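Right, one structure below, let's go through it.
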Amino acid sequence: MSRADHLRPVLERIAAQFPELADDPVMTRNLVDNVTSMVAEAHERYAAGAEDSVVSGAYLDPDHLATGSLHAEQSQHPAGAMLAAEMLFDAYLPVFVDEVRAESTAEVLRATRALHAGIWRRFPAGAVAYTEALRQRVTTAHLDSRTQIARDLHDRVAHGILAGLQRLDLVLLTDPPAGERADQLDDAARLLRGALGDVQDLAVSLHARVGDALLDDAVARHARDLFADDDRLSFSTTGASEHLPNWQAEEALTILLEALTNRRKHAPSSSAEVHFAWTQAALVVTVSDDGPGFDPAADTDGRLGQQTMRERAAVIGARLDVDSAPGSGTTVRLTIPRGML
């Protein structure tokens, strides 16, 4: 049998363990190329008589950094690659020993080290690239959040304050009759109270934390603080809730509160539900409303914060989907794979 024939059942085992690979031809091709390259390198090391298997010093190999970046783009955690490597080593070692015709104990040991080095050499660079990609995502998400806050301060708060001050200036400059003066002062007070409410909402959002609570409870608690007068917002849970790692829970809370804030901005009179579905495969949180809806593709300037929410979701290994159309309401869906819990 050829080497390709020997590798085929191993690749099939790995693909069965990670079915998402079958849906992505780029990742599938990358897997085949990497496994083939690993085994070829192991043969080269054995033929050269290499005795050691310490290869972590080659952690900046450009090809391996590129593979790590590809995994990060596809939200493939390094732990999955390590599991695939263990499966490859376990399944291919007997084949490799036979291929190199290792007979003595020393030869078998050298073959084992050569295969280990050929496989493991990829992982330090992959881990470095994955970490760097996540760092870039965090940085981008934080910068986008700051931009969104600045936009809210300018478009909502500053606009409300300016409009209120204009009403006051109008009263001072024109000295209207008493009845008209009272109406204009009431209008100015309404605008300024609205601006104050916007500032308070931003403060609550920025200070929102999950802490030791379950994500379900934290979202409901902070949403009630933010939207205290909203009796059209409900919460539900199916399955057994679990505590998420803190770094995941805090990002998920930020994403979900942003989705609820968008709903209040753009569909304030709609009924909405936040549903947590806990299963063995994933946690899926949906924020759905029966408002006017919109065209997600038309949000080219990012005013609805979709890109920022997607960046935050990617940081925690999750996926964010937005389903909406004019006249049919909106559903925001956050999916955190079970393996990430």
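All values derive from a computational prediction rather than experimental measurement.
The closest donor-acceptor contact from the side chain of R263 to the backbone of S270 lies under 3.5 Å. Between the D290 side chain and the S271 main chain, a donor and an acceptor come within less than 3.5 Å of each other. Between the side chain of S324 and the main chain of F294, a donor-acceptor pair closer than 3.5 Å is present. A donor-acceptor pair under 3.5 Å is absent between the side-chain atoms of Q184 and the main chain of R167, judged by distance alone. E107 places a side-chain N or O within 3.5 Å of a backbone atom of S104 that can act as its donor or acceptor partner. With R333 contributing its side chain and V284 its backbone, the two residues share no donor-acceptor pair below 3.5 Å. Side chain of E250 to main chain of G211: a donor-acceptor pair is present (N/O by atom type, distance under 3.5 Å, no hydrogens or angles). Between the R45 side chain and the R110 main chain, no donor and acceptor come within less than 3.5 Å of each other.
Remark: of the listed residues T331, D216, T238, T238 is the sole one forming a side chain to side chain donor-acceptor pair (under 3.5 Å) with H275. The side chain to side chain contact (heavy atoms under 4.5 Å, CB included) test with V332 singles out one residue from T286, N262, L320, and that residue is L320. Of the listed residues (V274, V287, D289), just one forms a side chain to side chain contact (heavy atoms under 4.5 Å, CB included) with L233, and that residue is V274.
To the nearest 0.5 Å, atom CG of residue L256 and atom CE of residue M309 are 9.0 Å apart. Distance check: R181 CZ to D183 CG gives 12.0 Å after rounding to the nearest 0.5 Å. One finds the CZ atom of F276 at 9.0 Å from the CG atom of L334 (value rounded to the nearest 0.5 Å). In this structure, CD1 on I316 lies 9.5 Å from OG1 on T254, to the nearest 0.5 angstrom. The CG atom of L185 sits 6.5 Å away from atom CG of L168, with the distance rounded to the nearest 0.5 Å. The CG atom of D186 lies 11.0 Å from the CG atom of L191; values are rounded to the nearest 0.5 Å.
The nearest pair of heavy atoms linking V210 to A249 is CG2-O, 3.5 Å. Pairing each heavy atom of A318 with each of I336, the nearest pair is CB-CG1, 3.8 Å. The minimum heavy-atom distance between A282 and P337, with the atom names listed, is CB-CA, 3.9 Å.
In this structure, the side chains of V95 and E99 come closer than 4.5 Å at one or more pairs of heavy atoms. Contact annotation: the side chain of T112 approaches that of F89 to within less than 4.5 Å [non-hydrogen atoms, C-beta and beyond]. Looking at L260 and L226, their side chains never come closer than 4.5 Å, going by heavy atoms from C-beta outward. Contact annotation: the side chain of V285 never approaches that of I255 to less than 4.5 Å [non-hydrogen atoms, C-beta and beyond].
No path of Ile, Leu, Val, Met, Phe, Trp and Tyr side chains, each step under 4.5 Å between heavy atoms, connects L214 with L257, placing them in separate hydrophobic clusters. One hydrophobic cluster, built from ILVMFWY side chains closer than 4.5 Å, cannot hold both L170 and L172; they sit in different ones. Tracing side-chain contacts under 4.5 Å through hydrophobic residues (I, L, V, M, F, W, Y), one reaches L93 starting from M38; they form part of the same cluster.
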With side-chain contact (heavy atoms from CB on, under 4.5 Å) as the test, would you mind laying out the steps for F96 and H43 before giving the verdict? CA-CA 8 Å; F96 183 72; H43 275 278; 3.6 Å; yes
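In this structure, D230 does not pair ionically with R224, as no charged nitrogen and carboxylate oxygen lie closer than 4.0 Å.
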